[in-house]
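As structure tokens, the structure follows; a few thoughts come after it.
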Amino acid sequence: MIYGYIRVSTNKQDCENQKLGIDAKASTLGLCIDKYIEDAGISGTKEPEQRALGGVLRHLNPGDVIICSELSRLGRKMFMIMRILEHCMKIGARLYTVKDGYELGDTIQSKVLAFAFGLSAEIERNLIAQRTKEALTALQLRGVKLGRPNGQKNTCHIIDGYENLILDMYSAGISKRKIARTIRVSPPTISRFLESRK
């Protein structure tokens with residue numbers, strides 16, 4: 001499947017320009033776009049799961065191709081873009097950009113990028129671990145009771161003070177179950193919180 005991905009803020013003309021560029025790029029690669037995916041009026045700071053792009057990423061298969069205008073169309077945060085590219089690499093999908101001539105496939109560039117993924121993921125895991133410890137310590141110093149007191153069920157499902165930590169961990173690709181375990185609440189509590197932030 002060959003996808004053309006377009007993201008625009010409000011400018012309809014920019015949408016058409018992106019599409020023309022993607023068509024031209026596909027032609028030079030000897031490809032034909034099967035489906036266009038458009039995120040219109042949506043900020044690149046939103047997680048892919050909250051955009052049409054997320055649907056494409058979930059259904060990618062080995063050999064699929066995504067063509068977009070430039071890497072910044074995928075997202076406005078470096079780690080977000082890197083997670084998207086890493087996902088494509090793991091699936092065995094290819095990605096091309098029009099303006100910056102980027103190519104994600106079986107190339108030296110991709111192998112170098114794979115090394116960068118591993119390094120950045122390790123750095124981010126260490127940063128998250130440190131932020132987690134600091135957040136838990138700060139909450140304890142403020143007298144916040146963590147977990148379920150006396151083994152009883154936590155009917156309040158308190159996550160006050162954990163909001164930024166939850167969002168950071170989720171953005172870093174950490175599972176809801178692991179996040180829940182870290183701050184000692186149930187996975188459905190984390191799911192409800194994340195849904196409320198969409």
Side-chain angles (χ1 to χ4, degrees), residues 1-9 18 22 35-40 42-132 135 162-183 187 190-191 193-198:
M1 192 78 161
I2 314 298
Y3 297 97
Y5 177 65
I6 296 170
R7 183 180 64 76
V8 293
S9 298
Q18 285 185 46
I22 290 170
K35 187 174 183 180
Y36 273 98
I37 307 300
E38 184 178 328
D39 278 318
I42 296 179
S43 169
T45 59
K46 278 199 170 184
E47 290 298 321
E49 295 80 9
Q50 299 173 2
R51 296 184 265 146
L53 176 61
V56 173
L57 296 175
R58 279 194 301 273
H59 297 99
L60 273 184
N61 293 306
D64 284 352
V65 175
I66 298 174
I67 302 176
C68 62
S69 178
E70 52 193 317
L71 284 177
S72 65
R73 296 295 97 192
L74 298 175
R76 290 295 186 184
K77 297 177 183 176
M78 182 185 72
F79 281 122
M80 183 190 298
I81 293 173
M82 292 187 78
R83 285 200 313 273
I84 293 169
L85 296 177
E86 183 181 26
H87 176 74
C88 291
M89 282 186 73
K90 284 181 178 178
I91 296 294
R94 289 176 290 154
L95 186 141
Y96 300 93
T97 64
V98 177
K99 292 183 180 178
D100 37 19
Y102 182 81
E103 176 182 344
L104 180 70
D106 189 20
T107 63
I108 291 295
Q109 185 184 33
S110 295
K111 291 173 183 175
V112 170
L113 189 62
F115 172 77
F117 287 150
L119 182 60
S120 65
E122 183 178 350
I123 291 171
E124 187 159 9
R125 279 194 300 271
N126 291 336
L127 290 173
I128 288 171
Q130 186 61 36
R131 285 198 300 268
T132 300
Y162 290 105
E163 293 90 344
N164 290 335
L165 177 63
I166 293 170
L167 293 171
D168 282 348
M169 293 177 77
Y170 187 66
S171 295
I174 295 174
S175 70
K176 296 175 185 176
R177 185 172 297 279
K178 188 168 183 180
I179 297 171
R181 203 162 52 240
T182 299
I183 64 172
I190 299 299
S191 295
F193 168 73
L194 292 171
E195 283 295 320
S196 73
R197 300 298 289 239
K198 287 184 177 179

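Count residues from 1 along the sequence.
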- Would you say Asp64's side chain and Ala93's backbone share a donor-acceptor pair under 3.5 angstrom? no
- Message: Any heavy-atom pair between the side chains of Leu60 and His87 that's under 4.5 Å?
- Response: yes
- Residue set satisfying side chain to side chain donor-acceptor pair (under 3.5 Å) with Tyr3, at least two apart, ordered chain then number -> none
- Message: Using 0.5 Å steps for rounding, measure from the CD atom of Gln18 to the NZ atom of Lys99.
- Response: 6.5 Å
- Test salt bridge (Lys or Arg N to Asp or Glu O under 4.0 Å) applied to Glu47 - qualifying residues, sequence neighbours left out: Arg83
- Note on the structure: Value for NZ (Lys35) from CD1 (Ile2), rounded to nearest 0.5 Å, stands at 13.5 Å
- Message: Could you tell me if the side chain of Leu53 sits less than 4.5 Å from the side chain of Ile37, heavy atoms only?
- Response: no
- Task: Report yes if some heavy atom in the side chain of Pro187 is under 4.5 Å from a heavy atom in the side chain of Ile179; otherwise report no.
- Result: no
- Note on the structure: Distance col, row Leu95:CG vs Ile81:CD1, nearest 0.5 angstrom, shows 10.5 Å
- Query: Can a donor-acceptor pair be found between the side chains of Arg7 and Tyr5 at a distance below 3.5 Å?
  - Reply: no
- Query: Does the side chain of Phe193 come within less than 4.5 Å of Glu163's, by heavy atoms?
  - Reply: yes
When the side chains of residues 65-72 are checked against the rest of the protein, which donor-acceptor pairs come out under 3.5 Å, sequence neighbours left out?
none

- When rounded to the nearest 0.5 angstrom, what is the spacing between CG in Leu74 and CZ in Arg51? 7.5 Å
- Message: Holding to side-chain contact (heavy atoms from CB on, under 4.5 Å), I want the full list of residues that pass it with Lys90, two or more places apart in sequence or in another chain.
- Response: Glu86
- Message: How close do Gly63 and Arg94 get, counting heavy atoms only, and between which atoms?
- Response: O-NH2, 4.0 Å
- Note on the structure: Closest non-hydrogen atoms of Met80 and Gly75, given as atom of the first, atom of the second and distance, are SD-CA, 3.9 Å
- Mind checking what makes salt bridge (Lys or Arg N to Asp or Glu O under 4.0 Å) contact with Lys178, not counting sequence neighbours? none
